[in-house]
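So the structure is just underneath, and the comments pick up after that.
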2 protein chains.
Amino acid sequence: MKKREYNCGLDAAVDVVGGKWKALILWALHAAPRRFGDLHRNVQGISEKMLIQQLREMESYGLVHREVYHQVPPKVEYSLTEFGVSLNTALIPLGEWGERHRATIEAIPRD
Amino acid sequence: MKKREYNCGLDAAVDVVGGKWKALILWALHAAPRRFGDLHRNVQGISEKMLIQQLREMESYGLVHREVYHQVPPKVEYSLTEFGVSLNTALIPLGEWGERHRATIEAIPRD
DNA sequence: TCAGGTACTTACCTTAATCTCAGTATCGGA
DNA sequence: TCCGATACTGAGATTAAGGTAAGTACCTGA
């Protein structure tokens with residue numbers, strides 16, 4: 001996130017959820033809390049570094065809660081806060097749109 | 001857009017609408033077709049180069065229609081296609097979420 | 001003592017996104 | 001002939017995002 005002032009709500013929302021991974025991570029957390037390794041397996045293609053970086057950012061935004069269990073080997077669970085749930089809910093129609101038009105989107109030529 | 005294959009609909013949608021400007025341009029077009037200069041004035045902070053670049057991209061995705069009027073000085077109008085309208089509609093809840101939590105989002109510390 | 005499992009952390013590098021700023025094309029009218 | 005209006009276009013630089021690979025820390029149980 002770069003800006004502090006926005007022209008409209010969508011501007012602000014895209015700034016929060018933009019980037020390659022945030023929406024996917026949010027999505028992966030929608031059903032239940034997940035451990036770090038679990039998320040790593042679930043969000044395909046993400047590196048450990050990126051995963052943590054994004055989780056930390058979202059934690060600082062108040063979207064995600066981080067729960068540490070003091071065990072060895074360590075266990076850390078991530079879950080959505082209420083704020084995170086509300087964002088996830090707002091993303092549902094966009095996800096459905098993407099699902100509905102997936103073939104079209106994948107067929108768009110790029111170079 | 002970089003990818004050709006997605007894990008879920010949201011993944012695809014974020015790839016389409018991601019970046020700093022696309023959602024805002026889409027939004028600016030929701031009410032009516034607009035001329036280039038009009039858009040430029042309406043999407044605050046965007047440079048001419050970025051505006052065209054994004055419009056062309058969205059045109060190639062089939063989201064935006066470009067209508068040229070052969071006049072001097074030139075007149076070009078951009079409007080949403082049906083596909084663009086459907087995406088815009090899917091973005092409404094996200095826009096509302098951003099509006100509702102705008103103050104919270106603006107208050108997030110960044111560095 | 002030492003390997004194993006989990007969750008990070010760090011340094012460094014590559015690529016992609018965005019910005020700045022100057023320039024082009026067209027034609028009607030002063 | 002030259003200016004103004006509009007819609008671009010391009011070079012070059014800067015900034016941000018993302019990736020790779022190796023290393024750390026902890027305790028447990030063999």
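Keep in mind the model is a prediction, meaning the values are calculated, not measured. Side chains included, hydrogens not; waters and symmetry mates left out as well; all remaining heavy atoms used.
- In this structure, the NE2 atom of A/H70 is 18 Å from the P atom of C/dT6, given to the nearest Å.
- Rounding to the nearest 0.5 Å places CD of B/E48 at 5.0 Å from CZ of B/F36.
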Can you pull every protein N or O that's under 3.5 Å from an N or O on nucleotides 19-25 of chain C?
| from | atom 1 | to | atom 2 | distance (Å) |
| --- | --- | --- | --- | --- |
| C/dC19 | OP1 | B/K20 | NZ | 2.9 |
| C/dC19 | OP2 | B/W21 | NE1 | 3.2 |
| C/dC19 | N4 | B/K49 | NZ | 2.1 |

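- B/R56 has a side-chain polar atom (N or O) that falls below the 4.0 Å cut-off from OP1 or OP2 of D/dT9.
- Atom NZ of B/K75 is separated from atom P of C/dG28 by 17 Å (rounded to the nearest Å).
- Atom CD in B/Q54 sits roughly 6 Å away from atom P in C/dT18 (whole-Å rounding).
- Salt bridge annotation for B/K75-B/E67: absent, with no cationic side-chain nitrogen under 4.0 angstrom from a carboxylate oxygen.
- The CG-C1' distance, from A/L24 to D/dG18, rounds to 14 Å in whole Å.
- Note: CZ (B/F36) to C1' (C/dT26) measures 16 Å, nearest angstrom.
- For the pair B/H40 (side chain) and B/I46 (backbone), a donor-acceptor distance under 3.5 Å is present.
- Taking side-chain N and O atoms only, B/R35 has no distance below 4.0 Å to OP1 or OP2 of D/dT6.
- Protein atom CD of A/Q71 is 13 Å distant from nucleotide atom P of C/dC8, rounded to whole Å.
- Residues B/T104 and A/Y61 form no side-chain contact, since every pair of their non-hydrogen atoms from C-beta on lies 4.5 Å or further apart.
- The 5' end of DNA chain D is approached more closely, in terms of each residue's nearest nucleotide, by B/E77 than by the other of B/E77 and A/G18.
- At least one side-chain heavy atom of B/V64 sits less than 4.5 Å from a side-chain heavy atom of B/L29.
- Backbone-only engagement by A/Y78 is indicated by non-hydrogen atom pairs under 4.0 Å involving sugar-phosphate atoms exclusively.
- Put simply, the side chain of A/V14 does not reach to within 4.5 Å of the side chain of B/L91, judged on heavy atoms.
- Remark: P of D/dA5 and CG of B/D38 are 17 Å apart, rounded to the nearest angstrom.
- You'll find that the side chain of B/V72 is closest to C/dC27, out of C/dC27, D/dC27, D/dT9.
- Evaluation of the ring-ring contact (aromatic ring centres under 6.0 Å, His included) rule for A/Y78 yields no partner, not counting sequence neighbours.
- Taking both residues in full, the closest heavy atoms of B/R35 and B/P74 are given as NH2-O, 3.2 Å, listed atom of the first, atom of the second, then distance.
- Between the CD1 atom of A/I52 and the C1' atom of C/dT9 there is a distance of 7 Å, given to the nearest Å.
- Taken over five-pair windows at either terminus, the axes of the helix from C/dT1-D/dA30 to C/dA30-D/dT1 are inclined to one another by 30° (rounded to 10 degrees).
- Residue A/V76 places its side chain closer to C/dC8 than to any other of C/dT26, D/dC8, C/dC8.
- Between B/D11 atom CG and A/R102 atom CZ the span is 8.0 Å, to the nearest 0.5 Å.
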